[in-house]
Protein chains: 2
Amino acid sequence: MKKQYYIYKYPHPAVAVDCVVFGVVSSCLEILLIQRRNEPYKDSWALPGGFLGIDESLEEAVKRELSEEINYRPEYLYQIGAFGDPDRDPRERVISIAYYTFLQIEKACLVANSDAAKLEWFYIRNLPNLAFDHLKIVNAALEILQKKVKCEPFGYGLLPSKFRLSLLQSIYEDIIGEPLDKRNFRKKLLKYGLVKPLNEFEKIHPHRPARLYEFNYENYIKYKEKGIDLTR
Amino acid sequence: MKKQYYIYKYPHPAVAVDCVVFGVVSSCLEILLIQRRNEPYKDSWALPGGFLGIDESLEEAVKRELSEEINYRPEYLYQIGAFGDPDRDPRERVISIAYYTFLQIEKACLVANSDAAKLEWFYIRNLPNLAFDHLKIVNAALEILQKKVKCEPFGYGLLPSKFRLSLLQSIYEDIIGEPLDKRNFRKKLLKYGLVKPLNEFEKIHPHRPARLYEFNYENYIKYKEKGIDLTR
DNA sequence: TCAAAAGTGTTAACCATACACCCATGC
DNA sequence: GCATGGGTGTATGGTTAACACTTTTGA
């Protein structure tokens, strides 16, 4: 492999991408973190991500990094924003463009990558110390979800395709950080036709089994455009 | 001045900042554009902006560029996001981090900068052709305002400190692109105490003079946190 | 006296809120 | 039969939506 250098007339920062991967794991909203194997922040937990290739788009870079690091290639990415404090990376000036995505656990086969970096899901309300300014990035992502949840239906592409309404409700509660009224929440979902009941039930505990529902995609999109607040 | 080069082991993109400056001009929501004096896109209209200094924060870079280019140093900046299509700039790979800000015309003394680049306000619904992907950036900013206006009170720091309610209403209408009911709009603003009436009137046309109002900052902040939709 | 923009109130339908009890199951 | 989470209905008050006419001014 040829050794090469890149020369510029003016100093250039490095550009990286990072991604907050949300998933529903053990009935909670969690994010996927990687334990760093190198300095800086060796052994700390960090968002999956890496440096931008000079010819690839920002989204391609995220998809490539996630494929490599968590063996999952997301279809949809949503930009959180750019994080560029001059000292956010001790090595050199690095601007990170952060994204978030949803991972339906049923669709993913997560394996630690070939480098055997450790991967783990963490409940959003119980995160470990994070490398770099990754906590700031996660918090920015959560703020976006908090706003989203108050303006549009939420959960499609994140929850399993068949789910209990109480699971959807608890994801909402994880995001907004306060309890919702069960009766009102269900009434609204059904009234606007956002979910349709199935004749299937989930028996995961020694209690009454819960009915499963699917999103009604047509109405989901309709109210995504029109706007709806399921949190009240 | 010493000639110097900057050498990296991996290729680095350039990083720029651009800013959509919103102002209320001739009773409309307008943005400030600069006519480019150099290639590429010579003579096209473009957002004010420029390259990031290697040691300055993203926001500092925007403030510096706006000071230089439009003689106005904004206090608050809001990030739109990063725009990084590989071919968005024909010169080299450039990632642009875009911001928007509000400029109260009463507080600014805009002069074309020393380089005598032409500055002009353009109504958001009647923009000229823009350089680079700046139309995409402006549209992203407008989408943010469209969402904002449906979730929080809007206009503080943008409108003159004393204004007619019909001016505020028409700014809302510029953003959402549809007419609002005058009675309902005013009723809501007053009911929630978002504005307070003054004993001053504006006579700018040969008709009945309009009462001026100020924002009630305390309630404005309160409903910004709590959320309110003045568009319905 | 006309044209133009400012300003004002009421009603009916809908929606949000708050709240408590029964159901189905496995142990 | 009990513990646990699943599931349901109603009444009240507040919010939205729709609507048309009078006022003030300068020309």
Side-chain angles (χ1 to χ4, degrees), chain A residues 26-28 149-153 159-160 162-174 176 178-214 219 223 226-232, chain B residues 26-28 149-153 159 162-174 176 178-214 219 222-223 226-232:
Chain A
S26 18
S27 298
C28 290
V149 122
K150 292 192 157 286
C151 302
E152 2 174 308
L159 280 89
K162 299 172 180 185
F163 54 89
R164 332 178 311 265
L165 292 191
S166 55
L167 178 61
L168 182 56
Q169 184 179 336
S170 71
I171 299 307
Y172 267 79
E173 290 169 338
D174 279 342
I176 61 172
E178 52 188 48
L180 293 173
D181 183 278
K182 187 170 39 159
R183 284 164 290 194
N184 295 336
F185 183 72
R186 297 161 93 100
K187 222 183 308 168
K188 201 157 182 178
L189 279 166
L190 291 164
K191 187 166 113 199
Y192 291 97
L194 290 164
V195 292
K196 45 177 182 255
L198 301 172
N199 270 323
E200 296 177 54
F201 297 83
E202 191 179 67
K203 305 173 217 199
I204 47 168
H205 47 218
H207 310 306
R208 178 172 174 175
R211 183 181 292 274
L212 292 174
Y213 291 77
E214 284 179 341
N219 288 334
Y223 287 103
K226 208 167 158 186
I228 193 173
D229 180 355
L230 271 327
T231 70
R232 49 169 216 166
Chain B
S26 16
S27 298
C28 290
V149 122
K150 293 194 156 286
C151 302
E152 6 176 304
L159 279 90
K162 298 172 181 185
F163 54 88
R164 332 180 310 265
L165 291 191
S166 56
L167 178 60
L168 181 55
Q169 184 179 335
S170 73
I171 299 306
Y172 267 79
E173 290 169 339
D174 279 343
I176 60 172
E178 51 188 48
L180 294 173
D181 182 279
K182 187 167 44 156
R183 285 165 290 194
N184 293 336
F185 184 72
R186 297 160 94 101
K187 222 181 309 167
K188 201 157 180 178
L189 279 167
L190 292 164
K191 186 165 112 199
Y192 291 98
L194 291 164
V195 293
K196 45 176 183 256
L198 302 172
N199 269 322
E200 294 176 57
F201 296 83
E202 192 179 69
K203 304 174 219 202
I204 47 166
H205 46 217
H207 310 306
R208 177 171 175 177
R211 181 181 292 275
L212 292 175
Y213 291 77
E214 283 180 341
N219 288 335
K222 176 177 158 195
Y223 286 103
K226 207 168 157 183
I228 194 173
D229 181 354
L230 271 328
T231 70
R232 50 172 213 161

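Chain letters run A, B, ... following the sequence lines, proteins first and then strands; every chain starts at 1.
To the nearest angstrom, P of D:dC19 lies 15 Å from CG of B:Leu180. To the nearest angstrom, C1' of D:dG7 lies 11 Å from CZ of A:Phe201. Rounded to whole Å, atom P of C:dT8 lies 15 Å from atom CZ of B:Phe185. A straight line from CZ of A:Arg186 to C1' of C:dC15 spans 20 Å, rounded to a whole angstrom. C:dT17 atom P lies 11 Å from atom CD of A:Glu178, rounded to whole Å. Here the P atom of nucleotide D:dT16 and the NZ atom of B:Lys150 are 12 Å apart, to the nearest Å. In this structure, B:Leu190 atom CG and C:dG9 atom P are separated by 11 Å, rounded to whole Å. Rounded to whole Å, the distance from CG on B:Leu168 to P on C:dA6 is 13 Å.
Minimum atom distance to the side chain of A:Arg232 is reached by C:dT17, of the listed D:dG6, C:dT17, C:dA6.
Side chains of B:Leu190 and B:Tyr213 form a contact here, defined as non-hydrogen atoms less than 4.5 Å apart. Side-chain contact between B:Asp229 and B:Glu152 is absent, with no heavy atoms from C-beta onward closer than 4.5 Å. Between A:Phe185 and A:Leu168, some side-chain heavy-atom pair lies under the 4.5 Å cut-off. Residues A:Phe163 and A:Leu165 form a side-chain contact, since some pair of their non-hydrogen atoms from C-beta on lies under 4.5 Å apart.
Using a 4.0 Å cut-off, no side-chain N or O of B:Arg211 falls inside it from OP1 or OP2 of C:dA6.
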Subject >> Summary of protein contacts for nucleotides 10-15 of chain D, nucleotide by nucleotide, where a base hit scores B, a sugar-phosphate-only hit scores S (4.0 Å, heavy atoms) >> reply: B----S
**OP:** Quick one, give me the B/S/- string for nucleotides 20-27 of chain D, reading 5' to 3', where B means a protein heavy atom under 4.0 Å from the base and S means that only happens at the primed atoms, P, OP1 or OP2.
**Re:** B--BBBSS
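Atom CD of residue B:Gln169 and atom CG of residue B:Leu230 lie 10.5 Å apart, to the nearest 0.5 angstrom. We find the CD1-CG distance between B:Ile171 and B:Leu159 to be 5.5 Å, quoted to the nearest 0.5 Å. With values rounded to the nearest 0.5 angstrom, A:Tyr172 atom OH is found 10.5 Å from A:Lys150 atom NZ.
Legend: residues meeting salt bridge (Lys or Arg N to Asp or Glu O under 4.0 Å) with B:Arg164, ordered by chain and number and at least two apart, are B:Glu202.
B:Lys222 and B:Asn219 are not linked by any side-chain donor-acceptor pair at a separation below 3.5 angstrom, with hydrogens and angles left out of the test.
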